[in-house]
Amino acid sequence: FHLGVTPTVLRQRYNLSASDIGRHPNNSQGCAQFLEQYFHPADLSEFMYLFGRGFSHHSEVDHVVGEQGGGRAGLEASLDVEYIMSTGANISTWVFSNPGRHESQEPFLQWMILLSNMSSVPWVHTISYGDDEDTLSVAFMQRINVEFLKAASRGLTILFASGDDGAGCREVVKAKNVFRPSFPASSPYVTTVGGTSFKNPFQVTREVTDYISGGGFSNVFPMPQYQVSAVSKYLQSTEKLPPESYYNRSGRAYPDVAALSDNYWVVINRVPVPWVSGTSASTPVFGGIIALINDHRLQKGLPTLGFLNPALYALKGDGLSDVTEGCHLSCIDDIVLGQGFCATPSWDPVTGWGTPNFPELLKALLR
Amino acid sequence: SVHLEPDQSVRVPDGWRHVERVDGSEDVILTFALKQQRVDKLKNLVDQVSDPRSQQYGHYLSLAELSDLVGPSEETLGTVRNWLEKHGIWDCLTVLTGDFLQCRTQARNAEKLLPGAQFHRYVKGDLSVVRSGTPYSVSPQVAPHIDFVGGLHRFPSHRKVLNSTAAAG
């Protein structure tokens with residue numbers, strides 16, 4: 001029985017034992033914040049005091065890149081830091097704070113540029129940022145995609161939240177809707193994390209789809225080779241799919257994986273706050289687990305995981321708990337009635353391959 | 001002149017309020033995404049180093065090696081620098097990979113450099129940004145050397161967590 005998701009609940013659900021903590025001195029993980037979102041070191045310390053018992057962990061962030069403003073802490077920033085350090089326990093953690101120093105700068109672009117200008121950066125990055133694909137120029141998205149390629153070539157793992165609007169919805173002409181993919185979640189060179197909730201919200205049970213979990217098919221990026229087989233299988237074997245006019249069957253499909261995204265506890269401005277939800281929560285949780293696997297790889301003298309998807313899709317779900325129940329939301333119209341895609345056995349565009357089972361995923365990614 | 005991002009939305013997102021046209025003497029910072037070289041080679045390399053079945057799996061590049069691979073050509077660097085200097089823009093910073101250039105200049109200069117652009121100030125709560133409400137363009141000579149110019153259209157955006165505002169007792 002529990003009253004919401006805490007590090008203990010996550011570590012129990014994802015089979016992380018007390019000894020599953022980081023140990024390698026060169027391991028690192030980080031999260032990026034935009035829009036003057038700051039965390040307070042005192043909140044992190046209190047969070048770990050309240051919820052971080054039973055496993056070794058850091059209670060302080062090692063590097064803050066950019067300026068940490070004063071004033072009140074942001075919920076988003078506090079959530080990211082507190083949870084990446086709960087699954088990625090005992091691992092050196094960086095926070096990138098990118099408010100855009102000047103009014104005419106773009107905070108997300110500033111973070112991307114920063115990566116191109118630092119020879120030493122964390123191996124794993126989690127980011128909860130996104131825009132609707134249709135509001136961005138193709139030239140911008142293509143170039144940012146190359147920036148992700150640059151990160152991948154250096155062995156960095158970049159994880160993005162899949163979004164909190166399910167398949168999304170956009171009215172193209174009057175009374176004609178289509179789903180609305182989100183970028184960078186739709187980039188073929190990042191790993192996108194969807195969301196789940198407990199079947200029984202007060203027990204550590206199996207997981208079902210969180211109806212807000214973002215997912216779908218890109219209208220800009222074609223389907224990459226690594227996912228063709230998995231996605232084709234989904235499209236061919238799923239009995240009830242939304243009408244084809246709502247999405248681009250040949251686009252990059254996301255999310256790739258998922259983690260719990262519902263009912264988290266966060267300490268913010270010294271107050272424990274319950275019921276925090278969204279894929280902004282699941283992303284740092286999955287990122288911390290990838291950082292832990294990197295730790296084991298580094299200890300064995302192996303390279304870091306880098307761009308995860310080719311390895312992840314080759315596993316065909318090995319090391320992950322498949323989520324097979326529930327659908328996410330989409331357009332509220334007469335045709336789809338608010339329902340987007342549904343979870344199925346194996347990969348699906350709601351929860352990807354599923355949620356981590358740490359010992360098995362570790363074994364699979366050490367092979 | 002050439003529009004580099006003809007499909008970029010210039011709509012002001014919900015929640016942002018227009019305040020004023022920016023004075024011509026105010027500084028703006030423009031980010032030029034310079035055309036990179038050998039992007040196809042980079043893609044092939046990433047496919048190899050990320051595929052566990054490849055012999056190259058995990059053979060990552062250092063930042064210096066990456067710079068050598070994708071850094072812009074001398075022609076790109078020269079053409080863009082000449083174009084900027086012709087407009088009196090000297091105050092620029094680059095990055096280690098050489099493929100971004102950030103330049104500070106007065107708004108009136110930026111508007112001459114990028115025909116069509118008009119800088120305005122917008123606010124949302126405590127946040128304030130300067131953006132152009134109209135599409136920008138560049139001269140045909142430099143268009144093949146730049147992917148896009150940042151700092152004109154895209155408003156800051158991020159995922160917000162969903163939560164109840166209630167605090168625990």
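Treat the numbers as computed from the prediction; the structure is a model and nothing was measured. Basis for what follows: all heavy atoms, side chains included, without hydrogens, waters or symmetry-related copies. The sequence lines fix the lettering, A, B, ..., with proteins before strands; numbering per chain opens at 1.
Interface residue B/V129: backbone and side-chain heavy atoms are both found under 4.5 Å from chain A. Interface remark: B/R104 contributes side-chain atoms only to the contact with chain A (heavy atom separation under 4.5 Å). Using a 4.5 Å cut-off between heavy atoms, B/Q48 makes no contact with chain A at all. Only the side chain of B/T31 comes within contact range of chain A, with heavy atoms under 4.5 Å apart. Residue B/I146 does not touch chain A at all, counting heavy-atom pairs closer than 4.5 Å. With a 4.5 angstrom heavy-atom cutoff, A/I113 touches chain B via backbone and side-chain atoms both. Looking at B/L4, only its backbone comes within 4.5 Å of chain A, counting heavy atoms on both sides. Contacts between A/M112 and chain B at a heavy-atom distance below 4.5 Å are absent for every atom of the residue. Proximity to chain B is absent for every atom of A/Q142, based on heavy atoms less than 4.5 angstrom apart. Heavy atoms closer than 4.5 Å to chain A are found nowhere in B/L30, neither backbone nor side chain. Residue A/L149 touches chain B through both its backbone and its side chain, counting heavy-atom pairs closer than 4.5 Å. The contact between A/F307 and chain B is made by backbone and side chain atoms together, counting heavy-atom distances below 4.5 Å. Contact annotation for A/R367: neither backbone nor side-chain heavy atoms come within less than 4.5 Å of a heavy atom of chain B. With a threshold of 4.5 angstrom between heavy atoms, B/Y60 approaches chain A through its backbone and through its side chain. Contacts of A/Y189 with chain B are made by side-chain atoms alone, with heavy-atom separations under 4.5 Å and no backbone atom involved. Contact of A/S120 with chain B is not made at all, since no heavy-atom distance falls under 4.5 Å. With a threshold of 4.5 angstrom between heavy atoms, B/R11 does not approach chain A through any atom at all. Using a 4.5 Å cut-off between heavy atoms, A/I212 touches chain B through its side chain atoms alone. Only the side chain of B/D47 has a heavy atom closer than 4.5 Å to any heavy atom of chain A.
Counting heavy-atom pairs closer than 4.5 Å to chain A, the top-ranked of the candidates B/L69, B/L61, B/V70 is B/L61. With respect to chain A, the highest number of heavy-atom pairs below 4.5 Å among B/I29, B/D27, B/V22 belongs to B/I29. The residue among A/S119, A/A281, A/G155 with the most heavy atom pairs within less than 4.5 Å of chain B is A/G155. Of the listed residues (A/P303, A/S153, A/P224), the one with the most heavy-atom contacts under 4.5 Å to chain B is A/S153. For the options B/R53, B/H153, B/E5, B/R131, heavy-atom pairs under 4.5 Å to chain A are most numerous at B/R131. Interface remark: of the candidates B/D126, B/L152, B/L63, B/L63 forms the most heavy-atom pairs closer than 4.5 Å to chain A. In terms of heavy-atom pairs under 4.5 angstrom with chain A, the leader among B/V49, B/L45, B/L42 is B/L42. Residue with the most contacts toward chain A among B/S132, B/G151, B/G58, B/S9: B/G151 (heavy-atom pairs, distance under 4.5 Å). Contact tally against chain B (heavy-atom pairs below 4.5 Å) for A/N309, A/T304, A/L79, A/V266: the top residue is A/T304.
Expressed to the nearest 0.5 Å, how far CG of A/L136 lies from CZ of B/F148 amounts to 10.5 Å. In this structure, B/F100 CZ and A/L114 CG are separated by 11.5 Å, a value rounded to the nearest 0.5 Å. With values rounded to the nearest 0.5 angstrom, B/Q102 atom CD is found 4.5 Å from A/Q110 atom CD. With values rounded to the nearest 0.5 angstrom, B/Q36 atom CD is found 3.5 Å from A/R143 atom CZ.
Annotation for B/E20: atom CD counts as buried by contact number, over 12 foreign heavy atoms lying within 6.0 Å.
Side chain of B/D51 to backbone of A/P310: no donor-acceptor contact under 3.5 angstrom is found. A/N117 places a side-chain N or O within 3.5 Å of a backbone atom of B/L96 that can act as its donor or acceptor partner. Formation of a donor-acceptor pair under 3.5 Å by the B/Q8 side chain with backbone atoms of A/T135 is found in this model.
Taking the ring centre of A/F108 as origin, the terminal cationic atom of B/R154 falls outside the region bounded by 6.0 Å and 45° from the ring axis.
Each salt bridge (Lys or Arg N to Asp or Glu O under 4.0 Å) pair with one or both residues in residues 75-91 of chain B, not counting sequence neighbours, would appear here, but there are none.
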